[in-house]
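Notes follow once the structure below has been shown.
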Amino acid sequence: MLKLILAMIFMSPICFMHGLFWTVHNLLFILSFVLILMNYCVNYFVSISYFMGFDILSYGLILLSFWICSLMIVASESVNKYNNYKNLFLFNIVMLLIFLVLTFSSMNLFMFYLFFESSLIPTLFLILGWGYQPERLQAGVYLLFYTLLVSLPMLVGIFYLYKSCNTMNFYLLGNYLFNYDLLYLSMILAFLVKMPMFLVHLWLPKAHVEAPVSGSMILAGIMLKLGGYGLLRVFSFLQIVGLKFNFIWVSISLIGGVLISLVCLRQTDLKALIAYSSVAHMGIVLGGLMTLSYWGLSGSYTLMIGHGLCSSGLFCLANITYERLGSRSLLINKGLLNFMPSMTLWWFLLSVCNMAAPPSLNLLGEISLLNSIVSWSWLTMISLSFLSFFSAAYTLYLYAYSQHGKVFSGVYSFSGGKIREYFLLFLHWLPLNLLILKSDMCLFWL
């Protein structure tokens with residue numbers, strides 16, 4: 001575990017050397033493959049050091065972090081081209097990756113909390129430093145205060161746990177079961193905001209719309225998964241209270257998912273549409289996770305990884321058209337089939353993954369989640385059917401409106417994609433559709 005973190009720490013000076021923009025990217029890719037070869041497909045903690053360890057839950061998410069961070073550099077060619085503080089940009093990404101790896105590999109609840117909050121800072125710098133619009137300041141404040149407001153009770157909860165159990169180790173805390181409502185609320189609210197659950201989701205679309213493409217990728221790909229990961233970790237000792245109160249969160253998530261899907265159908269901004277669709281997907285994840293059933297926990301993990309790749313890929317596509325047309329509005333991004341015909345295939349492939357078509361990982365996750373939520377209560381069928389229907393509806397709306405129709409008169413040239421962009425999209429799409437062949441990793445981790 002330490003070898004990965006040391007490799008990244010020693011990578012940080014390389015970020016400041018002249019002309020080594022792609023070297024950092026290549027090194028991150030090499031590290032991703034080193035991690036793949038380490039292949040920890042076990043459901044108990046291995047390679048344990050002082051406070052770090054791996055189980056399959058951490059492994060999947062660390063691998064996703066490496067993958068998305070490598071692809072963020074590929075997507076941010078414009079930072080390199082216009083020399084927009086590219087050294088600091090690389091350094092920021094490497095620091096963010098270090099914090100994420102430490103978050104996912106912490107075995108200590110307090111250390112997890114520490115790095116969980118630290119990962120907010122590089123993300124904030126990404127939005128404030130490389131964002132596009134002047135409103136990015138407000139978006140950054142939203143992001144910061146939503147997260148910080150609910151994180152303080154969690155810190156108090158962690159100290160209470162330490163006082164009661166004399167340990168903060170995830171492995172040992174699993175032996176305790178607390179029946180204490182305030183503890184449950186304080187531990188869980190931070191993760192619900194990070195997911196984000198409907199009603200506390202307002203920071204997300206704001207942050208996405210203002211963030212640069214790399215900021216959107218990391219937000220959609222990893223940051224939303226921190227909430228799910230935290231919930232999967234703390235529910236091992238909050239089960240009893242969970243059985244009492246979880247129906248509240250399931251209800252909010254499912255009804256909120258339907259409402260957010262309706263919001264998606266009214267979006268004209270490409271990025272806002274994809275951001276709101278993330279909220280709807282995470283609503284299903286949260287609903288399944290809160291049922292505390294085997295299917296639900298496995299499905300939520302699977303969909304988190306699937307959604308991380310898929311959503312990130314869609315943000316890349318939105319950015320590719322934004323770089324060509326200078327706008328993210330669907331009123332201007334029309335008829336892209338005439339403008340960039342070869343990109344339409346990628347729009348199609350990632351859109352169908354977004355609405356959970358086979359053979360994507362999203363399908364596997366959604367089937368498990370549907371199973372778990374319906375077995376929890378058959379009344380949820382109503383909102384789930386609406387959710388599935390509208391999910392297809394807004395994805396088709398996104399695809400059809402952007403690709404078909406009469407091309408906007410201001411767009412007067414024909415544009416091909418660069419090899420870098422096809423490579424970027426291919427690396428999002430390939431693991432998303434190949435991982436279903438290795439689905440036992442996602443479904444047997446408990």
Side-chain angles (χ1 to χ4, degrees), residues 1-12 28 31-32 35 40 45-69 72 91-127 143-159 161-162 167-173 186-196 207 215 218-219 221-236 301 304 308:
M1 197 50 251
L2 198 59
K3 56 179 170 266
L4 295 173
I5 290 163
L6 280 176
M8 285 185 290
I9 291 171
F10 289 128
M11 208 187 290
S12 46
L28 282 181
L31 278 183
S32 319
L35 192 60
Y40 289 127
F45 281 94
V46 288
S47 48
I48 293 175
S49 62
Y50 283 112
F51 65 92
M52 291 184 291
F54 253 54
D55 61 353
I56 204 160
L57 183 55
S58 322
Y59 176 71
L61 288 165
I62 290 178
L63 189 52
L64 185 66
S65 307
F66 269 105
W67 200 248
I68 298 280
C69 284
M72 274 160 69
F91 181 66
N92 206 10
I93 288 183
V94 172
M95 288 313 293
L96 180 56
L97 186 53
I98 290 174
F99 282 139
L100 285 172
V101 171
L102 286 168
T103 308
F104 288 130
S105 61
S106 291
M107 293 177 64
N108 184 318
L109 191 55
F110 179 70
M111 287 296 181
F112 169 73
Y113 171 83
L114 197 69
F115 296 124
F116 172 76
E117 291 305 318
S118 311
S119 61
L120 200 66
I121 299 162
T123 318
L124 190 68
F125 285 156
L126 267 181
I127 294 174
L143 172 74
L144 202 63
F145 279 90
Y146 260 96
T147 311
L148 287 181
L149 178 72
V150 287
S151 290
L152 200 64
M154 186 186 162
L155 187 61
V156 178
I158 290 173
F159 288 149
L161 279 177
Y162 186 55
T167 178
M168 284 191 283
N169 194 309
F170 286 129
Y171 219 67
L172 298 174
L173 281 172
S186 68
M187 292 303 291
I188 221 170
L189 278 173
F191 300 130
L192 293 183
V193 169
K194 206 63 171 168
M195 279 291 282
I218 198 75
L219 269 171
I222 314 294
M223 288 306 177
L224 305 189
K225 315 299 174 276
L226 279 169
Y229 174 80
L231 285 174
L232 287 169
R233 285 280 187 238
V234 297
F235 262 126
S236 63
Y301 173 56
M304 279 198 298

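On a predicted model such as this, the values are computed, not experimentally measured, just so you know.
Partners of Tyr171 according to the side-chain contact (heavy atoms from CB on, under 4.5 Å) rule, which considers only residues two or more places apart in sequence or in another chain, are Tyr44, Phe45, Asn169. Shown here are the side chain to side chain donor-acceptor pair (under 3.5 Å) partners of Lys225, two or more places apart in sequence or in another chain: His307. By the ring-ring contact (aromatic ring centres under 6.0 Å, His included) test, Tyr301 is found to be paired with Trp445, residues two or more places apart in sequence or in another chain being considered. Among residues two or more places apart in sequence or in another chain, the side chain to side chain donor-acceptor pair (under 3.5 Å) test is passed with Asn108 by none. Listed by chain and number, the residues in a side-chain contact (heavy atoms from CB on, under 4.5 Å) with Phe145 are Val141 (sequence neighbours excluded). Listed by chain and residue number, Leu120, Leu124, Leu148 satisfy the side-chain contact (heavy atoms from CB on, under 4.5 Å) test with Leu144 (two or more places apart in sequence, or in another chain). Under the ring-ring contact (aromatic ring centres under 6.0 Å, His included) criterion, Phe159 pairs with Phe110, not counting sequence neighbours. Among residues two or more places apart in sequence or in another chain, the ring-ring contact (aromatic ring centres under 6.0 Å, His included) test is passed with Phe91 by Phe16. Among residues two or more places apart in sequence or in another chain, the ring-ring contact (aromatic ring centres under 6.0 Å, His included) test is passed with Phe115 by none.
Between Tyr59 and Phe54, the two ring planes are tilted [angle within 30° to 60°]. The aromatic rings of Phe191 and Phe116 sit perpendicular to each other, their planes meeting at more than 60°, with 30° as the lower class boundary.
By the 4.5 Å heavy-atom criterion applied to side chains, Leu172 and Met107 are not counted as neighbours. When side chains are defined from C-beta on, Ile62 counts as touching Ser105, because their heavy atoms get closer than 4.5 Å. Taking the side chain as every heavy atom from C-beta outward, Met187 and Leu161 approach each other to under 4.5 Å. The shortest side-chain heavy-atom distance between Ser106 and Phe51 falls under the 4.5 Å cut-off. Contact annotation: the side chain of Met72 approaches that of Leu126 to within less than 4.5 Å [non-hydrogen atoms, C-beta and beyond]. Using a 4.5 Å heavy-atom threshold, the side chains of Met168 and Tyr162 count as touching. No side-chain heavy atom of Leu224 sits under 4.5 Å from any side-chain heavy atom of Met195.
Taking both residues in full, the closest heavy atoms of Ser186 and Pro153 are given as CB-O, 3.4 Å, listed atom of the first, atom of the second, then distance. When all heavy atoms of Leu63 and Ser32 are compared, the closest pair comes out as CD1-O, 3.7 Å. What you find for Cys69 and Ile218 is that their closest heavy atoms are SG-CD1, 3.7 Å.
Sorted by first and then second residue, the salt bridge (Lys or Arg N to Asp or Glu O under 4.0 Å) pairs involving residues 49-65 (not counting sequence neighbours) are Asp55-Arg233. The list of side chain to side chain donor-acceptor pair (under 3.5 Å) pairs with a residue in residues 113-123, not counting sequence neighbours, reads Glu117-Ser151.
We find the CD1-CD1 distance between Ile68 and Ile222 to be 5.0 Å, quoted to the nearest 0.5 Å. If you take CG on Leu61 and OG1 on Thr103, they are separated by 10.5 Å, rounding to the nearest 0.5 Å. Taken from OG1 in Thr147 to CE in Met154, the straight-line distance is 12.0 Å, to the nearest 0.5 Å.
Counting only distance, with no hydrogens or angles, the side chain of Ser58 and the backbone of Phe104 share a donor-acceptor pair below 3.5 Å.
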Under 3.5 Å donor-acceptor pairs involving side-chain atoms of residues 93-102, not counting sequence neighbours:
none

Trace of the side chain to side chain contact (heavy atoms under 4.5 Å, CB included) decision for Lys3 with Leu31: CA-CA 10 Å; Lys3 56 179 170 266; Leu31 278 183; over 6 Å; no
With side chain to side chain contact (heavy atoms under 4.5 Å, CB included) as the criterion, how do Met52 and Ile5 come out once you've worked through the C-alpha distance, each side chain's angles and the decisive distance to 0.1 Å? CA-CA 11 Å; Met52 291 184 291; Ile5 290 163; 3.4 Å; yes
